[in-house]
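Working notes, beginning with the structure itself.
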There are 2 protein chains.
Amino acid sequence: MTKPSETIAEIKNQVDDKTLSGQTTLALREAIIKGDIAPGEKLNEPKLAEQFQVSRGPLREAIRRLVAMRLVKHVPHVGATVVTLELKSILELYDVREALEGKAAALAAENMSQQDIEKLRAVLELHRQHSEDNPGQYMQTDGDFDFHYQIIKGSGNQLLTDQLCDELYHLIRMFRFQTSRFKSRSNRALIEHEQLIYAIEQRDPQLAEMLMRKHIARAKTAIKQALSNTEPAYTDLGSV
Amino acid sequence: MTKPSETIAEIKNQVDDKTLSGQTTLALREAIIKGDIAPGEKLNEPKLAEQFQVSRGPLREAIRRLVAMRLVKHVPHVGATVVTLELKSILELYDVREALEGKAAALAAENMSQQDIEKLRAVLELHRQHSEDNPGQYMQTDGDFDFHYQIIKGSGNQLLTDQLCDELYHLIRMFRFQTSRFKSRSNRALIEHEQLIYAIEQRDPQLAEMLMRKHIARAKTAIKQALSNTEPAYTDLGSV
DNA sequence: TAAGTTCTTATTGTCAACAATATATAGATT
DNA sequence: AATCTATATATTGTTGACAATAAGAACTTA
């Protein structure tokens with residue numbers, strides 16, 4: 001019994017539980033990622049509890065979970081605040097992604113079933129089609145992560161998948177939202193994804209890892225260049 | 001104002017906060033790692049609250065934090081249970097370590113100060129001395145992780161450090177405790193650590209990363225061999 | 001006797017009040 | 001006027017009681 005391909009939409013709406021605590025986690029998480037609660041802003045428990053129509057118990061549990069996702073920082077007896085994504089933190093995040101997703105690509109080349117590889121091709125094809133149909137339009141970044149997600153899942157490593165898809169992914173989403181003014185239009189990602197699939201099809205873990213690492217490292221470089229300028233301009237962030 | 005070198009002991013006793021919730025987290029964490037609460041065992045909230053002399057509130061927060069550390073699994077409306085470290089999970093953990101600590105070693109080669117490198121040498125020297133003074137005795141595994149810890153910290157990447165030292169490290173500790181009957185006596189780790197320092201001193205990120213990855217991959221292989229046998233015998237687990 | 005069903009019990013989820021701590025304000029002192 | 005101190009306020013930490021859900025026991029039925 002194989003699971004149907006899971007899209008990014010399914011991940012997002014992944015309702016881990018129907019408990020108030022779980023629902024509040026989702027609501028609060030989206031509020032933070034979307035910037036409804038600003039970076040650096042304090043999370044006032046009574047106010048938020050009122051806002052989400054729950055008591056402070058579930059709200060505090062939600063905050064704890066967001067701390068685990070690194071969207072929130074917490075100091076005892078002082079409170080929780082939304083993280084501020086400094087350039088330094090983002091670059092750190094991309095170094096971690098490079099390491100983890102690189103390994104994921106290697107494992108995917110070893111472990112992905114032929115069927116999963118076909119699914120991956122389908123995702124890429126959809127992606128390419130969209131780019132052709134909408135030339136000059138910014139990439140659908142979710143489609144991009146769909147691709148990465150399939151590879152991560154294809155690694156067969158549950159710990160790796162949890163770390164990337166459940167935790168770090170939301171940090172990435174938050175960063176993307178904040179920098180959505182830099183709309184990426186490059187089709188370089190498409191080419192690099194194509195190369196990656198080829199390496200996986202060839203069952204070449206080393207090549208797959210190398211390609212994924214370069215892919216992410218390139219995005220990191222683009223981010224550094226784009227954000228270290230005071231006037232950022234519409235630079236291509238590499239869409240990763 | 002530079003911080004004094006932090007040993008593994010300091011990490012362990014790192015009292016993040018004096019709150020009941022924080023204290024309970026530490027106590028419960030140690031109870032799980034030491035096996036006082038068995039793998040697979042259910043965490044009964046009223047009983048544990050009674051046992052730790054706190055109400056269920058702080059206890060539940062502690063459980064949430066241990067879920068983030070992956071020491072505990074939680075199902076809504078059912079409860080929390082201590083993780084059972086299957087061979088598969090351990091191998092997954094070591095693949096993640098290989099990726100993350102490999103990158104950490106590369107970054108350490110780039111970023112560690114000359115002074116930090118000297119400290120690292122001192123740790124290794126202490127380690128070597130202990131091995132010479134107690135030939136045939138099992139390695140002080142804490143000393144081993146002291147070495148790894150220094151390198152991780154030396155990477156200068158806070159996210160990486162948090163992931164390895166605050167989260168995954170406790171899983172490793174739990175695994176080590178459970179397999180402490182396999183006392184590692186090899187001095188291969190010592191040799192490999194020596195090579196690693198050399199690479200870092202030479203400011204060679206690629207070599208440092210390669211050496212660290214091989215170091216951990218070798219430990220993974222040793223674990224697989226030791227634990228896939230029904231009668232494990234006293235195999236060298238590589239002490240990583 | 002075995003399978004299914006209802007009822008009981010135990011456990012988790014949630015709430016609102018209370019206690020402890022930190023922040024903000026106002027006043028006193030140099 | 002600026003700084004330190006003491007008080008007042010707001011916020012976090014903690015508790016025990018209540019509600020909702022799931023696991024287990026006893027009963028019924030084939």
Side-chain angles (χ1 to χ4, degrees), chain A residues 13-32 36-84 166, chain B residues 13-32 36-84 166:
Chain A
N13 298 331
Q14 187 182 59
V15 186
D16 15 5
D17 53 74
K18 309 269 195 213
T19 62
L20 276 183
S21 163
Q23 299 290 355
T24 305
T25 304
L26 297 188
L28 185 55
R29 191 183 72 191
E30 294 308 303
I32 288 172
D36 297 338
I37 307 176
E41 192 173 333
K42 181 122 190 287
L43 297 182
N44 186 308
E45 292 180 7
K47 277 181 191 163
L48 285 173
E50 162 69 21
Q51 191 173 321
F52 289 117
Q53 292 290 311
V54 294
S55 74
R56 279 177 57 219
L59 183 86
R60 282 172 66 89
E61 278 208 24
I63 289 176
R64 283 278 172 226
R65 296 200 216 178
L66 296 182
V67 168
M69 287 182 201
R70 296 162 205 285
L71 294 175
V72 163
K73 289 206 180 305
H74 180 267
V75 179
H77 289 293
V78 173
T81 54
V82 177
V83 290
T84 56
D166 292 347
Chain B
N13 298 331
Q14 187 184 60
V15 186
D16 11 8
D17 53 72
K18 310 270 194 211
T19 62
L20 276 183
S21 163
Q23 299 292 350
T24 306
T25 304
L26 297 189
L28 185 56
R29 192 183 71 192
E30 294 308 303
I32 288 172
D36 296 339
I37 307 175
E41 192 173 335
K42 180 122 189 287
L43 297 182
N44 186 308
E45 292 181 6
K47 276 182 193 164
L48 285 173
E50 162 68 21
Q51 191 173 323
F52 289 117
Q53 292 290 312
V54 293
S55 75
R56 277 178 58 221
L59 184 87
R60 282 171 67 89
E61 278 208 25
I63 288 175
R64 282 280 172 226
R65 296 201 216 176
L66 296 182
V67 168
M69 288 183 201
R70 298 161 205 287
L71 294 174
V72 162
K73 291 209 178 305
H74 180 266
V75 179
H77 289 293
V78 174
T81 53
V82 177
V83 290
T84 55
D166 291 347

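So that the names make sense, note that chain A is the first sequence line, chain B the second, and so on, each numbered from 1.
- The OG1 atom of A:Thr24 lies 10.0 Å from the CG atom of A:Leu48; values are rounded to the nearest 0.5 Å.
- In the displayed structure, A:Lys42 atom NZ is contacted under 6.0 Å by more than 12 heavy atoms of other residues, nucleotides or ligands.
- Atom CD in A:Glu61 sits roughly 16 Å away from atom C1' in D:dT12 (whole-Å rounding).
- Within 6.0 Å of the CD atom in A:Glu41, the count of heavy atoms belonging to other residues, nucleotides or ligands exceeds 12.
- Position along DNA chain C of the nearest nucleotide to A:Val78 versus B:Lys42 favours B:Lys42 as the more 5'-ward residue.
- Rounded to whole Å, the distance from CD on B:Gln23 to C1' on D:dG13 is 13 Å.
- As judged by a 4.0 angstrom heavy-atom cut-off over every strand, A:Gly57 is placed among residues making no nucleic acid contact.
- Within the nucleic acid shown, A:Leu43 comes within 4.0 Å of sugar-phosphate atoms alone, with no base atom in reach, counting heavy atoms only.
- Distance, B:His77 NE2 to D:dA23 C1': 14 Å, rounded to whole Å.
- Atom P of nucleotide D:dT11 and atom CD of A:Glu41 are separated by 13 Å, given to the nearest angstrom.
- In this structure, CD on A:Glu61 lies 9.0 Å from CD1 on B:Ile63, to the nearest 0.5 angstrom.
- In this structure, A:Leu28 and A:Ala62 approach most closely via the heavy-atom pair CD2-CB, 4.5 Å.
- Within the model, atoms CD1 of A:Ile37 and CD of A:Gln51 stand 6.5 Å from one another, a figure rounded to the nearest 0.5 Å.
- Taking atom CZ on A:Arg64 and atom C1' on D:dG13, their separation rounds to 10 Å, with Å as the unit.
- Atoms NZ (B:Lys18) and C1' (D:dT14) sit 18 Å apart, rounded to a whole Å.
- Ranked by how close their nearest DNA chain C nucleotide is to the 5' end, A:Arg56 and A:Thr19 are led by A:Thr19.
- Protein atom CZ of A:Arg60 is 4 Å distant from nucleotide atom P of D:dG13, rounded to whole Å.
- In summary, contact between chain A and DNA chain C, defined as any nucleotide atom under 4.0 Å from a heavy atom of the protein, begins and ends at C:dG13 to C:dT23 in the 5' to 3' direction.
- Distance check, rounded to the nearest 0.5 Å: CZ of B:Arg64 to OG1 of B:Thr25 gives 12.5 Å.
- D:dA23 atom C1' lies 13 Å from atom CG of B:Asn44, rounded to whole Å.
- Among the atoms of the strands shown, none is found under 4.0 Å from any heavy atom of A:Lys47.
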